[in-house]
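Below: one structure, written as structure tokens.
Model, not experiment: these values are computed from the prediction. A, B, ... follow the sequence lines: proteins, then strands. Residue 1 opens every chain.
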Amino acid sequence: MLDRKFILENVAAVKQNCRHRGVAADVDSLVAKESQRLAKLKEVEELNRRANEVSKSIGKAKDEAEREARKEEGRRLRAEKEACQSEHDTLDGAIRELQAAIPNMSHPDVPIGSDDKANLEVRRGTAEVRDFDFPPLDHVDLGSKLDLIDLEGGARTTGHGFYFLRNEAVLLELALQQFIVTKLIGKGFTPTITPDLAQDDILEGIGFNPRGPETQVYSIEGSNLSLVGTAEITLGGLYAGVTVDADQLPIRICGISHCFRTEAGAHGRATRGIYRVHQFTKVEMFAFTLPEQSDQVHQEICDIECEIFNELGVPFRVVDTATGDLGGPAYRKFDLEAWMPGRGEGGSWGEITSTSNCTDYQSRRLKTKFKRKGEKGTHFVHTLNGTAVAAGRAMIAILENNQQADGSVVVPEVLRKWVGKERIEPKSA
RNA sequence: GGAUGGGUGGCCGAGUGGUCGAAGGCGGCAGUCUUGAAAACUGCUGUACGUGAAAGCGUACCCUGGGUUCGAAUCCCAGCCCAUCCGCCA
């Protein structure tokens with residue numbers, strides 16, 4: 001969330017940013033309520049001060065009668081304070097809700113526009129979009145012909161949006177993880193395998209809404225736990241409430257997790273195959289940085305994503321996401337979109353990774369701070385996240401782009417040592 | 001899951017109802033001394049919010065959340081975490 005003081009001091013800019021992002025947030029009401037709250041807080045503190053004074057004087061009271069009188073005075077003040085406090089808390093809760101609805105500010109270079117049509121292409125990968133001399137199949141047909149993806153089995157055991165990976169698809173998924181994690185260790189990331197569940201307040205801190213009608217999150221009944229939609233949640237939550245030394249930053253960490261998403265409301269534009277599913281595996285990068293480092297580390301993460309998909313030989317473009325298409329916590333977001341020959345009519349670009357600079361929007365709620373040696377006070381760190389690989393989407397791109405006229409699929413060179421073969425052949429019936 | 005013992009400032013550790021934001025030590029910072037360093041000595045050394053030009057002042061915080069009380073680090077209840085033992089399990 002944004003800092004309340006910042007909102008009060010930058011009302012016009014905050015409102016304009018909400019408009020650019022297509023977010024309806026009642027900034028005026030927040031401003032009014034916050035000034036009421038501050039007045040109330042003063043009252044509470046004043047009453048507390050007087051009550052403390054009275055309490056201290058009781059020990060030194062001369063006689064029993066005076067003691068009793070003072071006690072009565074203390075009781076009265078505490079009751080009064082209690083009433084004041086609950087008024088204050090009501091206001092505070094209301095403000096918190098309004099505050100949560102206000103998105104992060106936007107990087108000055110972010111294209112302004114209401115949806116993804118305004119996204120700006122900023123880079124291309126080294127692999128060219130291929131001209132097929134045969135009609136390319138999509139990953140669903142390839143997956144079934146090569147016996148790699150069993151959507152029906154997934155539906156039978158679990159439901160729509162779930163699938164079994166089989167045979168080389170399993171090796172491919174494991175190979176992707178090996179390839180990526182090895183690379184990220186070389187880039188200074190600490191590798192982790194994270195929990196697949198997290199507490200609701202961590203979800204909220206990262207900017208996810210765990211419960212409620214529009215949630216994308218699976219929650220565990222009778223607990224405060226939810227299945228994570230991304231390891232961003234657990235990696236970001238790792239330092240909740242922690243203050244680190246400035247010279248430890250930037251902290252780079254990556255995590256392998258399963259990701260679970262209800263995809264509520266997405267059925268209208270339901271996508272064939274494993275493009276949009278309820279469970280997938282992902283390697284996520286995460287960084288905690290000093291404020292002045294975050295733009296640079298954001299570029300660095302984007303560069304790593306490009307390097308990964310260049311080495312995998314997947315054609316892609318990078319877009320600078322428009323204001324209207326940014327998530328609430330993101331200050332700026334770059335998406336890698338791979339060319340998927342089997343998607344739509346004659347192929348189309350499909351998102352494969354995404355990296356966001358969330359500045360201090362997440363850390364403020366998670367209370368992740370840093371302290372500079374020899375300086376007084378603490379400040380909120382900046383947080384960044386980026387997909388290293390979302391296994392399902394990467395698999396789509398690899399299968400569809402690397403398919404051959406004979407129905408086989410060429411395994412990307414960099415994955416061969418883990419997959420153990422150069423080519424995935426159709427299974428003979 | 002059961003039993004027992006614990007969770008206090010950057011770290012160690014004292015503190016069982018008021019004078020405690022918290023002894024003492026370590027570490028850190030500044031100074032005295034010294035050619036320099038060490039030692040010794042002196043002082044300072046948590047966070048957040050509010051207020052103020054500032055010094056300062058006020059409020060809250062001793063795992064978390066409730067409760068008792070005029071007053072809680074201290075008493076009560078619940079929870080979480082850690083240690084050890086037992087049970088169970090991959």
Side-chain angles (χ1 to χ4, degrees), chain A residues 1-9 30-96 98-99 193-205 210 220-226 234 237-249 251 256 258 288 291 360-381:
Chain A
M1 62 175 78
L2 289 181
D3 180 33
R4 286 185 192 178
K5 209 184 279 177
F6 175 86
I7 296 171
L8 293 192
E9 286 165 1
L30 185 148
V31 170
K33 286 200 163 73
E34 176 65 1
S35 66
Q36 288 172 40
R37 185 189 73 84
L38 290 177
K40 202 45 87 176
L41 183 65
K42 267 191 169 174
E43 272 185 63
V44 170
E45 291 188 346
E46 174 60 16
L47 285 166
N48 245 334
R49 191 187 61 75
R50 281 160 57 194
N52 285 345
E53 235 167 50
V54 169
S55 292
K56 275 183 192 162
S57 75
I58 289 176
K60 299 172 196 130
K62 294 182 281 297
D63 55 59
E64 199 54 34
E66 189 188 339
R67 213 186 302 275
E68 276 314 312
R70 292 269 167 91
K71 280 190 187 180
E72 186 47 41
E73 167 80 354
R75 265 191 285 269
R76 195 181 59 71
L77 283 168
R78 298 283 173 189
E80 213 179 313
K81 179 232 138 189
E82 228 24 76
C84 240
Q85 179 81 54
S86 85
E87 281 180 59
H88 168 273
D89 292 351
T90 305
L91 279 169
D92 193 54
I95 294 161
R96 201 180 296 275
L98 291 167
Q99 198 179 358
I193 295 177
T194 80
D196 286 341
L197 291 99
Q199 292 172 12
D200 287 344
D201 55 342
I202 300 288
L203 284 266
E204 279 159 22
I220 306 296
E221 202 180 343
S223 79
N224 67 338
L225 295 175
S226 296
T234 37
L238 199 52
Y239 285 86
V242 174
T243 302
V244 300
D245 285 335
D247 53 23
Q248 292 182 289
L249 298 172
I251 293 170
I256 303 176
H258 290 120
F288 301 89
D360 59 3
Y361 193 88
Q362 294 175 326
S363 61
R364 180 166 295 108
R365 207 159 5 176
L366 291 169
K367 300 185 170 58
T368 302
K369 302 176 163 193
F370 70 89
K371 185 173 168 55
R372 293 185 209 267
K373 278 205 169 59
E375 265 183 38
K376 255 199 127 44
T378 55
H379 312 273
F380 292 108
V381 303

Using the [atom1] atom in both, what is the distance from [N] to [M], to the nearest Å?
N      : M      : atom1 : answer
B:rU51 : B:rU68 : P     : 32 Å
B:rG65 : B:rA14 : P     : 25 Å
B:rC80 : B:rC11 : C1'   : 23 Å
B:rC76 : B:rC85 : P     : 28 Å
B:rG18 : B:rA72 : C1'   : 10 Å
B:rC49 : B:rU8  : C1'   : 23 Å
B:rA48 : B:rG43 : P     : 27 Å
B:rC62 : B:rG6  : C1'   : 15 Å

According to the Watson-Crick and G-U wobble definitions, with both distances under 3.5 Å, which nucleotide is paired to [N]?
N      : result
B:rG9  : none
B:rA40 : B:rU32
B:rA55 : none
B:rA3  : B:rU84
B:rU69 : none
B:rG46 : B:rC61
B:rA14 : none
B:rA22 : none

Answer yes or no: is there a side-chain heavy-atom contact under 4.5 Å between A:V244 and A:F288?
no
Evaluate the side-chain proximity of A:D3 to A:F380: yes if any heavy-atom separation is below 4.5 Å, no if none is.
no
Tell me whether the side-chain N/O atoms of [X] come closer than 4.0 Å to OP1 or OP2 in [N].
X      : N      : result
A:K371 : B:rU47 : yes
A:K367 : B:rU47 : no
A:T378 : B:rA48 : yes
A:N52  : B:rG71 : no

Between the protein and nucleotides 75-80 of chain B, list the N/O to N/O atom pairs that are separated by less than 3.5 angstrom.
none

Map A:N48 and A:K369 onto RNA chain B by nearest heavy atom, then report which one ends up closer to the 5' terminus.
A:K369
Let me spell it out: for each of A:K71 and A:V44, pick the nucleotide of RNA chain B with the closest heavy atom. Which residue's pick is nearer the 5' end?
A:V44
Whole angstrom value for the distance that separates [atom2] of [N] from [atom1] of [X]:
X      : N      : atom1 : atom2 : answer
A:E45  : B:rC61 : CD    : C1'   : 13 Å
A:L8   : B:rC49 : CG    : P     : 14 Å
A:D200 : B:rU64 : CG    : C1'   : 17 Å
A:E53  : B:rG58 : CD    : P     : 9 Å
A:R372 : B:rC29 : CZ    : P     : 19 Å
A:D92  : B:rA60 : CG    : P     : 17 Å
A:R37  : B:rG50 : CZ    : P     : 8 Å
A:I202 : B:rU64 : CD1   : P     : 16 Å

Taking [X] first and then [Y], would you say they form a salt bridge - that is, a charged N and a carboxylate O separated by under 4.0 Å?
X     : Y     : result
A:E45 : A:K42 : no
A:K40 : A:E43 : yes
A:R37 : A:E34 : yes

Proximal nucleotide (of [options]) relative to the [X] side chain:
X     : options                : result
A:K5  : B:rG50, B:rG18, B:rU47 : B:rG50
A:R49 : B:rU59, B:rG18, B:rG50 : B:rU59
A:I58 : B:rG18, B:rG50, B:rU59 : B:rG18

Counting only N and O atoms by type, is there a donor-acceptor contact under 3.5 Å from the side chain of A:R364 to the main-chain atoms of A:M1?
yes
Does A:T368 use its side chain to pair, donor to acceptor, with the backbone of A:V381 at less than 3.5 Å?
no
Under the side-chain hydrogen bond (donor to acceptor under 3.5 Å, both in side chains) test, residues paired with A:D245 that sit two or more places apart:
none
Value for CD (A:E87) from CD (A:Q36), rounded to nearest 0.5 Å, stands at 10.0 Å
For residues 76-84 of chain A, which side-chain N or O atoms pair as donor and acceptor with protein atoms under 3.5 Å away, sequence neighbours left out?
{"residue": "A:R76", "atom": "NH1", "partner": "A:E80", "partner atom": "OE1", "Å": "3.1"}
{"residue": "A:R78", "atom": "NH1", "partner": "A:N48", "partner atom": "OD1", "Å": "3.3"}
{"residue": "A:R78", "atom": "NH2", "partner": "A:N52", "partner atom": "OD1", "Å": "3.1"}
{"residue": "A:R78", "atom": "NH2", "partner": "A:S55", "partner atom": "OG", "Å": "3.4"}

